[in-house]
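Reviewing the structure listed below.
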Amino acid sequence: MIDLRSDTVTKPTQAMRDAMAVAEVGDDVYGEDPTVIRLQELAAKMLGKEAGLFVVSGTMGNQVAIMTHTQRGDELITEAESHIFYYEVGDIAALSGVQARQVPGKRGIMDPDDVNHAIRDSSNIHFPRTSLIALENTHNRGGGKVWPIEYVREIAGIAHERGIAVHMDGARIFNASVASGIAPDVWASYADSVMFCLSKGLCAPVGSMLVGSRDFIDRARKNRKRLGGGLRQAGILAAAGIVALETMVDRLAEDHANAKLLADELARLGYGSDPAEAETNMAMVDVSVSGKDALSFVQLVKEKGVLCNAVTPTTVRLVTHHDVTTQQCREAVQAFKSLL
Ligand SMILES: Cc1ncc(COP(=O)(O)O)c(C=O)c1O
């Protein structure tokens with residue numbers, strides 16, 4: 001099968017498996033796992049922050065960040081289609097007791113004016129306190145859209161002037177960085193905390209990182225423990241994360257080229273897809289031309305050997321990654337062609 005459902009399906013590389021086999025470990029709840037410590041220091045350095053924290057998943061990283069930045073009853077501003085709002089099982093309410101102020105964006109990008117208007121005046125007795133603004137870069141439901149950096153700068157300026165923290169859900173921050181040529185620490189400089197995933201395009205089997213100031217990470221570590229995320233000999237996993245950060249970032253450009261190829265070829269066949277919008281490792285494809293809705297299309301194309309996900313009633317999402325080759329992308333195009 002040609003698996004274009006997500007970059008989360010990537011398997012660890014041989015170099016990762018080798019590093020895992022010989023990883024030095026210790027009890028990380030005691031702060032004694034040398035490999036976890038090394039990964040956390042590397043992550044913090046790459047993102048230009050004081051400290052890092054290894055967490056089991058992107059969801060845990062986002063939620064630990066939200067729990068650390070907010071108090072119960074606060075309001076969090078987030079884009080209406082953001083992962084934090086859309087796909088994290090209502091965690092912001094269930095775990096942190098926070099409500100979401102959803103700002104609709106264009107492909108996940110919020111207009112700074114809209115964000116500004118959404119901030120509450122907490123001197124009004126009726127209003128919750130806006131304590132956090134979350135930005136998703138790249139934006140998943142926005143088809144891997146990279147934020148315009150000037151919007152990030154502007155929103156961060158508005159937030160910080162009003163004492164509001166900024167969290168970046170940078171699950172795919174390295175895709176944003178490779179596509180834009182803007183270094184990860186420059187993106188991160190506008191945010192008080194950044195979560196990014198080791199287990200997506202970077203191919204590590206498990207894990208994400210949360211980075212921020214030393215004080216923030218100390219408090220986040222306690223919240224991670226509260227959520228049951230205090231790990232023991234986690235160096236086994238961290239070893240793969242180090243290989244991911246040291247060797248798997250630059251090659252993301254190949255995934256981006258493959259996504260562009262898919263968007264291009266499918267547009268040529270008459271599918272609704274805009275190559276200019278395939279900025280990173282995703283192509284969003286409107287399959288209406290096939291006469292099928294997206295869910296039926298996914299079933300039919302599966303019979304031709306291609307896996308993908310429906311993300312709206314008419315759109316499927318194709319995600320490129322290390323474990324699909326350019327040749328397989330061309331074969332996927334042929335499978336789509338056969339359904340016209
Ligand atoms: C933008 C974004 N944030 C967070 C996550 C959550 O990551 P995880 O699946 O590791 O919990 C994802 C997962 O796809 C994502 O796309």
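Computed from heavy atoms alone, side chains included, the values below leave out hydrogens, waters and symmetry copies. All ligand and atom numbering here is 1-based and tracks the order in the structure.
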* Return a yes/no value for D169: is any of its N or O atoms, backbone included, closer than 3.5 angstrom to an N or O of ligand 1? => yes

* Asked: Checking R107 side chain against G142 main chain: does a donor-acceptor pair fall under 3.5 Å?
  -> yes

* To do: Flag T59 as yes when one of its N or O atoms lies below 3.5 Å from any N or O atom of ligand 1, and as no otherwise.
  => yes

* Asked: Is the ring centre of Y190 less than 6.0 Å from the ring centre of H160?
  -> no

* Looking only at distance, does R172 have an N or O less than 3.5 Å from an N or O of ligand 1? -> yes

* To do: State, with a plain yes or no, whether a side-chain heavy atom of V178 is found less than 4.5 Å away from one of V249.
  => yes

* To do: Decide whether an N or O pair under 3.5 Å exists between K200 and ligand 1.
  => yes

* Test of proximity, G58 against ligand 1: N or O pairs below 3.5 Å -> yes

* Nearest protein heavy atom with distance in Å, relative to atom 12 (C) of ligand 1 -> H83 NE2, 3.1 Å

* Asked: Going by heavy atoms, is H139 under 4.0 Å from ligand 1?
  -> no

* Would you mind listing which atoms of ligand 1 come within a distance below 4.0 Å of any non-hydrogen atom of E88? => 4 (C)

* To do: Grab the two heavy atoms, one from N281 and one from H256, that are nearest each other, plus how far apart they are.
  => N-CD2, 3.6 Å

* Could R172 and F196 be counted as a cation-pi pair, given that NZ or CZ must be under 6.0 Å from the ring centre and within 45° of the axis? -> no

* In terms of the angle between their ring planes, are Y151 and W147 parallel, tilted or perpendicular, with boundaries placed at 30° and 60°? -> perpendicular

* Those atoms of ligand 1 less than 4.0 Å from some heavy atom in A171 -> 1 (C), 2 (C), 3 (N), 15 (C)

* Asked: Side chain or backbone of S57 under 4.0 Å from ligand 1, or both, or neither, by non-hydrogen atoms?
  -> both

* Indicate, as side chain, backbone, both or neither, the part of N62 found under 4.0 angstrom from ligand 1 when only non-hydrogen atoms are considered. => side chain

* Structure fact -> Logged contact type for E136 with ligand 1, heavy-atom cut-off 4.0 Å, is side chain

* Carboxylate-amine/guanidinium contact D215 R219, below 4.0 Å -> yes

* Asked: Is there any N or O on N140 that sits under 3.5 Å from an N or O of ligand 1?
  -> yes

* Are E277 and K145 within salt-bridge range, i.e. N to O under 4.0 Å? -> no

* Asked: Do the side-chain N and O atoms of Q233 and D28 include a donor-acceptor pair separated by under 3.5 angstrom?
  -> no

